[in-house]
Structures are given as C-alpha cells and as structure tokens.
Amino acid sequence: MTPFDATLVRWPGAASWVFAPVPDEHAPDRAGSFGRVPVTATVDGRTWTTSVWRDSRGGWLLPVPARIRRGKDDGDVVTAEVAVDTSRL
C-alpha cells in the first residue's frame, strides 16, 4: 500500500457519511457488487476493513467512520492507504 493525502468530504444530508476521496492511481481497477470493492484501509495510522464505493462522478470514496477520524471532519486532511481485500471478493 502506498499512502496518499486526502481531504475529507461530508456527504450532504442528515446523519451523513464522511469520505476520503481515493485518487485514481490508488483505486481498484473495477467496481464489484453494488459499486463497492472490499479493502483494508488505513487512515492516520488506524487500520480496519471496509469497502470503497464508486462515486457517480466516476471516482472512488473511502467511508471514514468517526472512531477512525478521531475529531477530524469535512475539509481536514488525512493520510490514507487502501488495498483490495481479495479474500472478501
């Protein structure tokens, strides 16, 4: 996994998600079921299993839960890494 910096984005709406956009060079080759691909992700040194989501604009989004963000939110920069979890494909 190669780290990249991402600026967190809060999706509009009630109880909205916070995402780290994944640059093309770090994104999966193709989308899986429902436009998602299982990954192992690390953000600011905290690692967990999740999925990246294909955005309708053609990019990829990594959902970053509050327990991982630890106070960071929309507009804050994080260092992230993602690796496709082939065991969950």
Side-chain angles (χ1 to χ4, degrees):
M1 293 191 294
T2 303
F4 58 90
D5 288 336
T7 302
L8 296 175
V9 177
R10 179 171 289 279
W11 215 251
S16 58
W17 291 74
V18 174
F19 295 95
V22 179
D24 288 342
E25 62 270 18
H26 298 277
D29 294 340
R30 59 182 173 261
S33 301
F34 306 105
R36 297 182 181 175
V37 175
V39 298
T40 298
T42 301
V43 169
D44 289 345
R46 294 172 203 85
T47 302
W48 79 108
T49 56
T50 187
S51 294
V52 290
W53 302 359
R54 187 82 171 147
D55 181 15
S56 62
R57 293 172 295 222
W60 290 90
L61 299 172
L62 170 66
V64 185
R67 66 181 172 79
I68 300 295
R69 289 184 277 121
R70 293 192 180 168
K72 289 188 175 181
D73 208 329
D74 187 51
D76 292 326
V77 176
V78 296
T79 299
E81 299 176 71
V82 293
V84 174
D85 185 348
T86 57
S87 71
R88 297 190 304 137
L89 286 176

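Linking ILVMFWY residues whenever their side-chain heavy atoms come closer than 4.5 Å, directly or via other members, places V82 and V37 in the same cluster. The same ILVMFWY cluster, assembled from side-chain heavy atoms under 4.5 Å apart, contains both V39 and F4.
Nearest heavy-atom pair across P28 and V52 is CG-CG2, 3.6 Å. In terms of heavy atoms, V9 sits closest to P21 at CG2-CG, 4.1 Å. Across all non-hydrogen atoms, the minimal contact from P63 to S51 is CD-O, 3.1 Å. Here the closest non-hydrogen pair linking P3 and E81 is CA-CG, 3.4 Å.
The only option from D85, L89, V84 that meets the side chain to side chain contact (heavy atoms under 4.5 Å, CB included) definition with S87 turns out to be D85. Each of D74, L61, V18 was scored for a side chain to side chain contact (heavy atoms under 4.5 Å, CB included) with W11, with one residue passing: L61.
R67 contributes atom CZ, which lies 7.5 Å from atom CH2 of W48 (distance to the nearest 0.5 angstrom). Atom-to-atom distance recorded for D44:CG and T79:OG1 is 5.5 Å, nearest 0.5 angstrom. If you take CZ on R10 and CH2 on W17, they are separated by 11.5 Å, rounding to the nearest 0.5 Å. Of the inter-residue distances, the one linking D76 atom CG with L8 atom CG reads 6.0 Å to the nearest 0.5 angstrom.
Put simply, the side chain of D55 never gets that close to the backbone of W60: no donor and acceptor are under 3.5 Å apart. In this structure a side-chain-to-backbone donor-acceptor pair under 3.5 Å is present from R88 to T50.
When side chains are defined from C-beta on, H26 counts as touching T2, because their heavy atoms get closer than 4.5 Å.
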Report task. Decide yes or no on side chain to side chain contact (heavy atoms under 4.5 Å, CB included) for V64 and V78, but give the supporting numbers first. Result -> CA-CA 10 Å; V64 185; V78 296; 5.7 Å; no
